K.L.:
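Before I ask anything, here is the structure I am working with.
Counting from 1, the numbers follow the sequence of the chain as shown. This is a predicted model, so every value here is computed, not measured.
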Amino acid sequence: MENGKWKIETKKMNRADFEILNQTVYKRPLVYLDNAATTQKPTAVINALTEAYTTWNANIHRGVHHLSQVATQKHEEARQKTADFLHAASAREIVFTKGTTNSLNLLAFSFGEALVHEGDEILVSAVEHHSNIVPWQMLCQRKKARLRVIPMREDCTLDIEAYAALLNERTRLVSVAYVSNVLGIIQPVEDVIRLAHAKEIPVCIDGAQAVPHLPVDVQALDCDFLAFSAHKMYGPTGLGVLYGKEKWLNMLPPAEGGGEMIEHVRWDNTTYNTLPYKFEAGTPDFIGSYAFGVALDYMNSLGREAITRYEAELCRYLESQLAAIQGVRIYAAGHEKAGAVSFNVYREDGQLLHPFDVGTLLDRQGVAVRTGHHCAEPLIDALGVPGTIRASLALYNTCEDIDALIRALETAVAMLS
């Protein structure tokens with residue numbers, strides 16, 4: 001901030017590459033602020049999908065013909081790009097899945113089958129998305145284990161002291177979100193990992209909201225597993241990644257059986273393929289992986305540190321503008337956030353304006369936000385509200401988008417009050 005005014009780098013991160021943004025909704029210019037749910041795709045990614053289907057579409061691995069060999073090469077190049085993007089030690093540590101949810105379910109099943117027994121404990125946090133709660137609940141029900149919850153403080157950050165006290169000899173794994181999909185808070189996952197590793201407990205990181213916004217280095221972070229989705233980082237839908245340290249992936253059994261994940265199949269016994277293929281049963285989304293590799297190239301071309309700085313400035317600007325509106329309550333206000341701000345609006349008499357009503361009126365003015373519990377009901381229950389309004393940012397958003405949100409919100413509040 002300079003002289004009381006925001007000074008944000010005016011570079012718009014190649015907004016023109018996202019054709020979908022150049023449209024009107026209800027005769028208003030579209031302002032898309034629902035990026036935590038899914039991001040829009042640049043022209044390069046859309047063109048990559050078309051290119052793949054029209055020039056080298058053929059099933060991968062073991063094919064001796066030209067198209068199959070080209071497709072296989074593109075798929076494996078995308079795996080290497082993903083490993084490089086995360087600074088993984090090897091491409092063998094990259095398992096392609098259908099998304100974050102699928103990655104966490106795969107891990108919960110495989111890890112649980114191998115390493116969790118009756119009376120053991122799994123730790124998650126109070127701010128988790130349902131995808132990082134329900135698979136572990138299912139595991140605990142199946143194995144007669146116990147799910148324990150790391151509490152959050154009043155400021156919505158994780159209570160690290162309480163977490164340290166929860167770790168014990170029965171704790172088999174800790175699984176927490178790097179960035180809350182509701183609050184946008186960047187959680188102290190370094191401390192989570194350090195304390196768990198001191199007791200030789202592995203840690204899984206839900207990176208769905210972190211990898212799109214922060215330069216995540218899995219070796220520096222020292223996490224044992226990391227899950228995220230391509231569609232939240234300018235790639236296609238239906239593709240995700242489970243990163244796992246090679247020592248853990250070698251230890252775990254596959255979660256699904258079928259083609260590709262086998263070495264040999266006999267009636268009396270089946271042996272499994274090497275990493276990462278033993279976790280990739282059936283035909284993978286090799287078209288999607290190729291397009292995701294193009295999305296990673298796109299992010300790298302803009303500079304990941306530059307994206308992080310730009311989005312952080314936008315996030316601070318968004319919070320400052322919301323705070324200036326009477327009756328707006330910002331959750332976890334003042335904390336460093338990555339890409340998302342959740343809030344609600346109250347009338348002068350203290351009555352909550354229902355987030356669905358506010359979101360509907362914003363939509364009628366061309367502004368797309370998300371309202372509700374954001375697949376994080378335990379967290380919303382802890383906040384004591386039926387839901388929140390979430391505005392979430394991406395590299396193509398601008399201060400002008402935020403200004404449009406503020407104008408639309410002021411109109412909505414006036415109408416509802």
Side-chain angles (χ1 to χ4, degrees), residues 6 8 10 12-42 180-184 209 212-213 231-234 310-333 337-347 352-376 380 385-417:
W6 283 87
I8 295 179
T10 56
K12 293 182 172 55
M13 289 290 177
N14 296 358
R15 183 184 176 95
D17 292 337
F18 297 84
E19 186 176 347
I20 195 172
L21 300 177
N22 300 320
Q23 64 175 292
T24 58
V25 176
Y26 302 110
K27 299 181 180 179
R28 304 287 187 94
L30 171 64
V31 176
Y32 187 77
L33 297 171
D34 192 22
N35 296 286
T38 198
T39 53
Q40 302 304 335
K41 320 307 171 191
S180 165
N181 75 299
V182 177
L183 306 168
Q209 302 297 333
H213 304 289
H231 74 97
K232 295 182 189 293
M233 44 195 305
Y234 318 103
Y310 180 74
E311 290 179 341
E313 283 293 294
L314 278 183
C315 216
R316 286 190 284 270
Y317 180 68
L318 169 59
E319 189 163 308
S320 74
Q321 299 305 100
L322 286 170
I325 300 177
Q326 184 176 359
V328 167
R329 177 183 176 185
I330 300 170
Y331 297 97
K337 297 182 175 69
V341 176
S342 264
F343 63 96
N344 270 317
V345 186
Y346 291 82
R347 298 193 322 191
L352 173 70
L353 299 181
H354 199 286
F356 179 84
D357 295 335
V358 177
T360 300
L361 291 177
L362 292 177
D363 174 58
R364 294 305 186 271
Q365 299 174 79
V367 179
V369 297
R370 183 131 320 227
T371 65
H373 58 61
H374 313 294
C375 292
I380 294 298
V385 292
T388 70
I389 306 159
R390 184 187 68 194
S392 52
L393 302 163
L395 59 83
Y396 42 67
N397 289 124
T398 64
C399 288
E400 289 79 10
D401 288 338
I402 294 170
D403 294 340
L405 164 66
I406 298 302
R407 290 192 300 270
L409 182 60
E410 290 173 337
T411 298
V413 170
M415 294 175 67
L416 293 171
S417 296

K.L.:
Under a 4.5 Å cut-off applied to non-hydrogen side-chain atoms, are E311 and L395 in contact?
P.N.:
yes

K.L.:
Distance from Q365 atom CD to L405 atom CG, nearest 0.5 Å?
P.N.:
9.5 Å

K.L.:
State, yes or no, whether a side-chain contact exists between H213 and M233 at a heavy-atom distance under 4.5 Å.
P.N.:
no

K.L.:
Is R364 atom CZ crowded by more than 12 heavy atoms from other residues, nucleotides or ligands, each under 6.0 Å away?
P.N.:
yes

K.L.:
Once rounded to the nearest 0.5 Å, what's the spacing between atom CD1 of I380 and atom OG1 of T388?
P.N.:
4.5 Å

K.L.:
Over all heavy atoms of both residues, which pair between V385 and Y331 is shortest? Give the atoms and the distance, please.
P.N.:
CG1-OH, 3.4 Å

K.L.:
What is the distance from atom CG of D34 to atom CD of Q40, rounded to the nearest 0.5 Å?
P.N.:
9.0 Å

K.L.:
Can you tell if the side chain of L353 reaches within under 4.5 Å of the side chain of R347, non-hydrogen atoms only?
P.N.:
yes

K.L.:
Taking C-beta and beyond as the side chain, do L33 and L393 meet within less than 4.5 Å on heavy atoms?
P.N.:
yes

K.L.:
For the residue pair A323 and I330, what are the closest heavy atoms and their distance?
P.N.:
N-CD1, 3.8 Å

K.L.:
Of all heavy-atom pairs between R329 and Y346, which one has the smallest distance, and what is that distance?
P.N.:
CB-CE1, 4.0 Å

K.L.:
Mind listing the closest non-hydrogen atom pair of A394 and Y234 along with its distance?
P.N.:
CB-OH, 3.4 Å

K.L.:
Check whether the side chains of Y396 and N35 place a donor and an acceptor atom closer than 3.5 Å, and report yes or no.
P.N.:
yes

K.L.:
If you apply the rule side chain to side chain donor-acceptor pair (under 3.5 Å), what do you find for Y32 with D401, and how did you get there?
P.N.:
CA-CA 8 Å; Y32 187 77; D401 288 338; over 6 Å; no

K.L.:
Evaluate the side-chain proximity of L352 to P386: yes if any heavy-atom separation is below 4.5 Å, no if none is.
P.N.:
yes

K.L.:
List in chain and number order the residues that pass side chain to side chain contact (heavy atoms under 4.5 Å, CB included) with A312, two or more places apart in sequence or in another chain; answer none if no residue qualifies.
P.N.:
R316

K.L.:
What distance separates D17 CG from I20 CD1, expressed to the nearest 0.5 Å?
P.N.:
14.0 Å

K.L.:
Determine the sole option in D357, V367, T371 for which the side-chain contact (heavy atoms from CB on, under 4.5 Å) test with L362 is passed.
P.N.:
V367

K.L.:
Would a 4.5 Å heavy-atom cut-off, applied to side chains only, mark L409 and L322 as touching?
P.N.:
yes

K.L.:
Treating R390 as the side-chain partner and N181 as the backbone partner, does any N or O pair qualify as donor plus acceptor under 3.5 Å?
P.N.:
yes

K.L.:
Could you check whether Y317 and D403, counting side-chain N and O atoms only, form a donor-acceptor pair closer than 3.5 Å?
P.N.:
yes

K.L.:
For a quick test of reading the model, state the closest non-hydrogen atom pair linking C315 to V341 and the distance between them.
P.N.:
SG-CG2, 3.9 Å

K.L.:
Output a table of donor-acceptor pairs, distance under 3.5 Å, between side-chain atoms of residues 410-417 and any protein atom two or more places apart or on a different chain; print 'none' if there are none.
P.N.:
{"unit_1": "T411", "atom_1": "OG1", "unit_2": "R407", "atom_2": "O", "d": "3.1"}
{"unit_1": "S417", "atom_1": "OG", "unit_2": "V413", "atom_2": "O", "d": "2.8"}

K.L.:
Report yes if some heavy atom in the side chain of S342 is under 4.5 Å from a heavy atom in the side chain of I389; otherwise report no.
P.N.:
no

K.L.:
Does A376 offer a backbone N or O that forms a donor-acceptor pair with the side chain of H374 under 3.5 Å?
P.N.:
no

